Student: 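Below you'll find the structure I mean.
Computed from a prediction, not measured in an experiment: that's the story for all the values here. Throughout, protein chains are lettered first and strands after them, A, B, ... in sequence-line order, and every chain is numbered starting at 1.
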Amino acid sequence: MSDTKPERPKKIPTPRAIRGTQDMFGAEAARFEHVIDSFNRVRKLYGFKRVEVPVFEATAVFARSLGETTDVVSKEMYTFEDRGGDSLTLRPEFTAGIARAYITNGWQQHGVLKLATHGPLFRYERPQKGRFRQFHQLDAEVIGAAEPAADVELLVLADHLLKELGIKDGVTLRLNTLGDAESRAAWRAGLIEHFTKHRDALSEDSQARLERNPMRILDSKDPRDIPVAQAAPDIDAYLTDEAGAFFEKVSAGLAAAGLKEGEHWQRDARLVRGLDYYRHTAFEFVPDAGSAWAERLGAQSTILGGGRYDGLIENLGGPATPAVGWAAGIERLAMLVDEPLEDAPEFVLSIDDNVTKQNYPDAQHLDLEFSRIMKLLRNAEISVHSDNSGKRDRRIERARRNGSKAMIFILRRVDQREVLVQIVPLVPDYDAVAAINSKSRNAVLANAGTGTHRLNCKI
RNA sequence: GCGGUAUUAGCUCAGCUGGUUAGAGCGCUGGUUUGUGGUACCAGAGGUCACGGGUUCGAACCCCGUAUAUCGCCCCA
């Protein structure tokens, strides 16, 4: 309160994280990274090239691609005006941005493109478990291929990825065809006719859906709707010969790759897509009801979904271009994977309690010594970090819990070139001395008796 | 956008019917013990009981609002 004291800046109330955003740390962040690492490994096996597209685009990119579903466009996108007065939107999906890039960069010149990306997406929705406003997806697309082989390759890639992540039993691939434009339109008309006939039996929600998005009545959860939906006609009755043949080839291709109907996937003749640029293949990987996966995911059940969208690129003003792709929520996948091993540094460098000014004349420069020694070890690809806080025993405990393999305590300086260290292994039978000496030429340990070693660490 | 539940220490949570100074475990800091190690004991720091109003002699507890999380609905590109 004295006048002479400089005034402290006023402490501000800490700004809160935005609703629906996440901060990830520790095991959670490790699982997240593990999903991405696995995706990158697997997509390279299939020859999918990495692509990067902007996080924001002209609003038209998404508004046009989403077309009629005005609710999504008007209420669930992060749309804003920039300083130049242009309407921009944070990407709510990958496909539209990739399609835009394909058109504006003339990527047709590369022929059939197999592309993969991942990153943050933004949707203004009410958050729930596994559902965020900034969330992250993996994405794989094949652009320019009209053949069912492309659908098959994507499906096999998806299946491979899930197995790589350890998500095997208890998750089922549900597969359907929406047919070509003609089949789809006919089925849609048939559904409308059916539902209109039973309008009075439907829930209020579904009566509204009948106007807006009649195909969605098929996956209503309202008990009043379920019998009506079950009595509705399947797509099969409306499939053209061409569309039927396409689906046959997808099915045969999957079988050839070892994915057999009934065993590895199931036909779901009621799986639908609301947008009318979707054609032919539509699929979702969904955890089985009552499985451990379903438990962990809550209401957000689909972990990977996709389909063929032959009409989209044309919708965006490009040439008619067949394409197929899928996306998967990284957060949801991360909820399902086992915790990967901690990537703790192999060694922890620390000061022994007995280091004094007498035995370590330049003890006031210990931080410089630490920098030097750690750089030598790191140059030899040995991972190490330092920890000098708290009591020695607690440091050992902390390092052990973090998953490090040994501690290196600096005891005293021997001479200009050498310091005396004590190696404390944290896991049984770990030969830390051999681990260092086999890798490092500039930081070499020599036995100095009673568990101590001389560390030659002259640069 | 609609409905339910929750929010107490850094974390996980107790806290009776509204009643004195708010509790534990873990974690953190220090000490003793141990002395090639995942020990035990002792002590300490750490709280605007989410936030803002209200009722009451008195509120962590009851009521209203807000925020966030969570469960479901709607939506799902």
Side-chain angles (χ1 to χ4, degrees), chain A residues 13-22 25-26 61-77 89-99 121-133 135 137 139 203-206 208-209 212-213 215-217 219-223 225 271-278 282 284 295 297-302 305-307 309 312 315 325-327 329 332 352-354 389-404 406-409 422-430 432-433 449-453:
Chain A
T14 305
R16 305 186 57 105
I18 300 299
R19 180 177 169 90
T21 64
Q22 323 170 67
F25 174 77
V61 169
F62 306 112
R64 186 61 63 83
S65 83
L66 295 169
E68 72 218 47
T69 44
T70 50
D71 255 31
V72 168
V73 170
S74 61
K75 293 182 186 161
E76 296 183 10
M77 297 200 309
T89 294
L90 300 183
R91 62 184 182 196
E93 57 156 330
F94 278 115
T95 309
I98 291 174
L121 304 171
F122 304 85
R123 296 182 187 177
Y124 191 81
E125 296 184 291
R126 177 132 180 194
Q128 285 179 26
K129 187 198 287 190
R131 183 165 172 168
F132 305 92
R133 289 184 170 179
F135 61 103
Q137 283 188 345
D139 185 86
S203 66
E204 300 76 25
D205 279 336
S206 284
R209 276 191 275 243
R212 283 197 334 267
N213 204 350
M215 297 172 100
R216 282 283 167 199
I217 299 175
D219 40 36
S220 169
K221 291 165 191 160
D222 193 299
D225 297 333
L271 187 78
V272 295
R273 287 285 123 91
L275 301 175
D276 64 6
Y277 57 70
Y278 281 104
E284 290 177 358
E295 193 101 342
L297 287 168
Q300 314 307 317
S301 55
T302 301
Y309 53 94
L312 173 64
N315 271 8
W326 57 251
R332 291 186 198 171
D352 191 80
D353 297 339
N354 296 323
S389 67
K391 304 198 313 181
R392 180 191 145 106
D393 282 3
R394 288 219 174 100
R395 297 201 289 269
I396 294 175
E397 251 324 287
R398 194 153 43 213
R400 188 196 307 282
R401 271 202 310 271
N402 286 341
S404 291
M407 294 209 55
I408 306 172
F409 284 106
Q422 180 191 24
I423 309 285
V424 177
L426 302 172
V427 293
D429 302 326
Y430 182 69
V433 177
T450 62
T452 64
H453 292 79

Student: Quickly work out the A:Met215 CE to B:C76 C1' distance and round it to whole Å.
Tutor: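 Value for this atom pair: 15 Å.
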
Student: Heavy atoms, side chains only, cut-off 4.5 Å: are A:Asp139 and A:Trp326 in contact?
Tutor: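 No, too far: nothing below the 4.5 Å cut-off.
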
Student: Please tell me if the side chains of A:Phe62 and A:Val73 come closer than 4.5 Å, counting only heavy atoms from C-beta onward.
Tutor: no

Student: Could I get the full list of side chain to side chain contact (heavy atoms under 4.5 Å, CB included) partners for A:Arg400, not counting sequence neighbours?
Tutor: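 For A:Arg400, the residues satisfying side chain to side chain contact (heavy atoms under 4.5 Å, CB included) (neighbours in sequence not counted) are A:Ile396, A:Glu397, A:Leu426.
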
Student: Does this structure show an ion pair linking A:Glu125 with A:Arg133, if we count only N-O contacts that are shorter than 4.0 Å?
Tutor: no

Student: Applying a 3.5 Å limit to both distances, which nucleotide forms a Watson-Crick or G-U wobble pair with B:A69?
Tutor: B:U5

Student: So, does A:Asn213 get its side chain near the phosphate of B:C76, meaning an N or O under 4.0 Å from OP1 or OP2?
Tutor: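 For A:Asn213, the contact criterion (side-chain N or O under 4.0 Å from OP1 or OP2 of B:C76) is met.
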
Student: Choosing from B:C2, B:C75, B:A69, which nucleotide comes nearest the side chain of A:Arg126?
Tutor: B:C2

Student: Please classify the nucleic acid contact of A:Phe122 as base, sugar-phosphate, or nothing, using heavy-atom distances under 4.0 Å.
Tutor: nothing

Student: Check the interface with nucleotides 25-27 of chain B: list each N/O to N/O pair with the protein under 3.5 Å, or write none.
Tutor:
none

Student: Could you pull out the protein-nucleic contacts involving nucleotides 6-11 of chain B (nitrogen or oxygen on both sides, under 3.5 Å)?
Tutor:
none

Student: Examine B:A67: is either OP1 or OP2 under 4.0 Å from a nitrogen or oxygen in the side chain of A:Arg16? Give yes or no.
Tutor: no

Student: Quick check on B:C75: is either OP1 or OP2 less than 4.0 Å from any side-chain nitrogen or oxygen of A:Lys75?
Tutor: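 No, no such contact exists.
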
Student: So which nucleotide does B:C26 pair with, by the Watson-Crick or G-U wobble rule with both distances under 3.5 Å?
Tutor: B:G10

Student: Are the side chains of A:His453 and A:Ile423 in contact, using a 4.5 Å heavy-atom criterion?
Tutor: yes

Student: Kindly point out which of B:U39, B:G3, B:A69 is positioned nearest to the side chain of A:Glu397?
Tutor: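 Nucleotide nearest to A:Glu397's side chain: B:U39.
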
Student: When you match A:Arg273 and A:Pro127 each to their closest nucleotide on RNA chain B, which lands nearer the 5' end?
Tutor: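 Per heavy-atom nearest nucleotide, the more 5' residue is A:Pro127.
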
Student: Does A:Lys391 have a side-chain nitrogen or oxygen under 4.0 Å from the phosphate oxygens OP1 or OP2 of B:U29?
Tutor: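 Indeed not, no polar side-chain atom of A:Lys391 lies that close.
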
Student: What is the distance, rounded to the nearest whole Å, between atom CD of A:Glu93 and atom C1' of B:A77?
Tutor: 5 Å

Student: May I ask you to say what A:Arg398 touches in the nucleic acid, namely base, sugar-phosphate or nothing, with a heavy-atom cut-off under 4.0 Å?
Tutor: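 Sugar-phosphate contact only - A:Arg398 comes under 4.0 Å of backbone atoms but never of a base.
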
Student: So what does A:Gly20 touch, heavy atoms closer than 4.0 Å: a base, only the sugar-phosphate, or nothing?
Tutor: sugar-phosphate

Student: With side chains defined as the heavy atoms from C-beta onward, is the minimum distance between A:Pro92 and A:Glu76 less than 4.5 Å?
Tutor: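 Side chain of A:Pro92 against side chain of A:Glu76, heavy atoms only: no contact under 4.5 Å found.
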
Student: Of the nucleotides B:C76, B:U39, B:A69, which has the atom closest to the A:Asp393 side chain?
Tutor: B:U39

Student: Whole-Å distance between B:A69 P and A:Glu125 CD?
Tutor: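 About 13 Å, once rounded to whole Å.
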
Student: Could you give the CG-to-C1' distance, from A:Asp205 to B:G72, as a whole number of Å?
Tutor: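 It is 13 Å, rounded to the nearest whole Å.
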
Student: Once you apply a heavy-atom cut-off of 4.0 Å, does A:Arg209 come out as touching a base, just sugar-phosphate, or nothing?
Tutor: sugar-phosphate

